[in-house]
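Taking it in order: structure first as C-alpha cells, then the write-up.
Each chain gets a letter, A, B and so on, in the order the sequences are listed, and its residues count up from 1. Basis for what follows: all heavy atoms, side chains included, without hydrogens, waters or symmetry-related copies.
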2 protein chains.
Amino acid sequence: MKILHHPDREEIHLSSVLYALSDPLRLHLVATLYKEGERACGDIEVPVVKSTLSHHARTLRESGVIYVRAQGTQRILSVRTEDLNARFPGLLESVLHAYEISGDTSEIFSCADMKK
Amino acid sequence: MKILHHPDREEIHLSSVLYALSDPLRLHLVATLYKEGERACGDIEVPVVKSTLSHHARTLRESGVIYVRAQGTQRILSVRTEDLNARFPGLLESVLHAYEISGDTSEIFSCADMKK
DNA sequence: TCTGTTGTTCGAATGTATTCGAACAATAGA
DNA sequence: TCTATTGTTCGAATACATTCGAACAACAGA
C-alpha cells in the first residue's frame, strides 16, 4: 500500500485550504464528512465518476483539509478538524456554517450549470 | 463612465468568495483594505503591473468581496464588510484573522516561487 | 484644448483544473 | 487461487486562470 502524503499542521496554507474549499463538490464533501463523520469514498453520494472523486479527495488531502486512511480496499476520509482549528481558529466552522445557510447545498446536483 | 456590476448581497456565492480569497495576492489586497480602509488601486503596493491588478480587482468585485467606485480617474476599492457579514457571519473575520496569524502575509513579495 | 494620470480591455502566451474512461493495483472473501 | 470490490493513476479533451505589454478610455488640471 502506497503511503499517502498529508501536510503537517504547520505546513497547511490558508490559500490552499480556501482554494480546496472553493469547489462546490469538494465543499459538499467536507460538509458531509464534518456533519456525519468519517466516510469511505464510495459511501458519499456525488454526481461524478470515481476517478473524479478520487481527484477531489486528493486535492483536499494535499491541502490539509482531510485525512485519508486505508481500510481494506476502501479509503476512509475524515476532516482534519483539530489541525484546522489549531492553525486557523474558527475558519472551518464559519465556512461550514456559511455553507449550511447559503442555500447552495444542493448546487452540485442541479442541472442549472450543465453544458449547453 | 461605464457602470461596474456588483452582485447583490443575496447573489454572493460562498464558493466564489472562497475562490476569490484563495489567491495570495487577492487575499493580501482584501486584508489591506480591511485593515486600512478604502484605497485607490494605485495606492496599494503589489508586485504586479496595473493590468494584472485590475484583473484581480475585477475578480474580487464580481465575487462580491469588494466594492469599487470611481473618483475621478481613480477606482476606490473597499471591502463589502456589511454584506459579507450579513450573508456569511464570521467568515470574513476568521479568514482575515487566519491570514494575519498564518505567516503568509509577505508571501506575494517573496522570490521563493519565482519561475525557474 | 492639450497633457499627464489612472485604470480597463484586448491579445497572446503559458500554465493549471476539471472531467471522463480505460487500465491498473490492492485487498477481501469465496 | 480466482473473482469482485474499491480506489488510483494515466492520457486526452476541454476549459479557465494568470500574467504581461500595448492600445484605449475617462478624467483632472494647466
Side-chain angles (χ1 to χ4, degrees), chain A residues 1-6 13 15-29 33 38-63 65-78 107-109 111 113-116, chain B residues 1-6 15-16 18-29 33 38-63 65-78 107-109 111 113-116:
Chain A
M1 163 62 204
K2 200 190 306 183
I3 57 135
L4 295 171
H5 180 258
H6 293 81
H13 289 284
S15 293
S16 311
V17 169
L18 294 177
Y19 179 79
L21 296 176
S22 74
D23 180 273
L25 191 126
R26 290 194 293 260
L27 190 49
H28 169 76
L29 222 60
L33 295 173
E38 61 175 26
R39 259 316 142 88
C41 284
D43 295 343
I44 306 171
E45 204 188 348
V46 283
V48 291
V49 299
K50 60 182 181 174
S51 60
T52 302
L53 175 58
S54 181
H55 162 76
H56 284 300
R58 180 182 183 146
T59 301
L60 287 167
R61 172 174 55 81
E62 292 181 340
S63 70
V65 175
I66 68 170
Y67 181 72
V68 182
R69 93 187 131 80
Q71 187 174 83
T73 63
Q74 297 190 316
R75 298 290 177 281
I76 311 295
L77 314 181
S78 55
E107 190 183 319
I108 61 167
F109 299 109
C111 300
D113 50 352
M114 287 290 194
K115 57 194 81 171
K116 21 185 174 329
Chain B
M1 165 59 205
K2 202 190 305 184
I3 58 135
L4 295 171
H5 181 257
H6 293 82
S15 294
S16 311
L18 294 177
Y19 179 79
L21 296 176
S22 73
D23 180 273
L25 190 124
R26 289 193 294 259
L27 190 49
H28 169 75
L29 221 60
L33 295 173
E38 60 174 27
R39 260 315 143 89
C41 284
D43 295 342
I44 306 171
E45 203 188 347
V46 283
V48 290
V49 300
K50 61 183 180 172
S51 60
T52 301
L53 175 58
S54 181
H55 162 76
H56 284 300
R58 181 183 183 144
T59 301
L60 287 167
R61 172 174 56 80
E62 292 181 339
S63 71
V65 175
I66 68 171
Y67 181 73
V68 182
R69 95 188 128 81
Q71 188 173 82
T73 63
Q74 296 190 318
R75 298 291 177 279
I76 311 293
L77 314 181
S78 55
E107 189 184 319
I108 60 167
F109 299 108
C111 300
D113 50 352
M114 287 292 193
K115 57 195 81 169
K116 25 184 175 327

Intermediate values then yes/no, side chain to side chain contact (heavy atoms under 4.5 Å, CB included), B:L77 and B:I44: CA-CA 10 Å; B:L77 314 181; B:I44 306 171; 4.1 Å; yes
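Remark: B:Y19 is in phosphate contact with D:dT18, judged by side-chain N or O atoms under 4.0 Å from OP1 or OP2.
Interatomic distance, CG of B:L21 versus OH of A:Y19, reported as 14.5 Å (0.5 Å rounding). Note: B:H56 NE2 to B:T59 OG1 = 7.0 Å, rounded to the nearest 0.5 Å.
In this structure, A:R69 atom CZ and D:dT6 atom C1' are separated by 15 Å, rounded to whole Å. Between the P atom of D:dA26 and the CZ atom of B:R75 lies a distance of 10 Å, rounded to the nearest Å. Regarding B:L77, its CG atom lies at a distance of 13 Å from the C1' atom of C:dT8, rounded to whole Å. Rounded to whole Å, atom P of D:dG7 lies 7 Å from atom CG of A:D43. If you take CG of A:L29 and C1' of C:dT18, they are 15 Å apart, rounded to a whole angstrom. Atom CD1 in B:I3 sits about 17 Å away from atom C1' in C:dG7, given to the nearest Å. A:R58 places its CZ atom 13 Å from the C1' atom of C:dA17, with the value rounded to the nearest Å. Between B:E62 atom CD and C:dT9 atom C1' there is a gap of 13 Å when expressed in whole angstrom units.
Contact annotation: the side chain of A:L60 never approaches that of A:V68 to less than 4.5 Å [non-hydrogen atoms, C-beta and beyond]. Contact check for A:V65 versus A:S16: no side-chain heavy atoms found under the 4.5 Å cut-off. You'll find the side chain of B:V48 stays beyond 4.5 Å of the side chain of B:I108, heavy atoms only.
Formation of a donor-acceptor pair under 3.5 Å by the B:R61 side chain with backbone atoms of B:H6 is not found in this model.
Within residues 49-57 of chain B, the residues approaching DNA chain D are B:V49, B:S51, B:T52, B:H55, B:H56, by heavy-atom distance under 4.0 Å.
Of the candidates D:dA26, D:dT18, D:dT6, D:dA26 carries the atom nearest the B:T73 side chain, counting heavy atoms from C-beta on.
Of the two residues near DNA chain C, A:G72 and A:R26, the one whose nearest nucleotide lies more 5' is A:R26. Between B:A40 and A:Q71, the residue anchored closer to the 5' end of DNA chain C is B:A40, taking for each the nucleotide with the nearest heavy atom.
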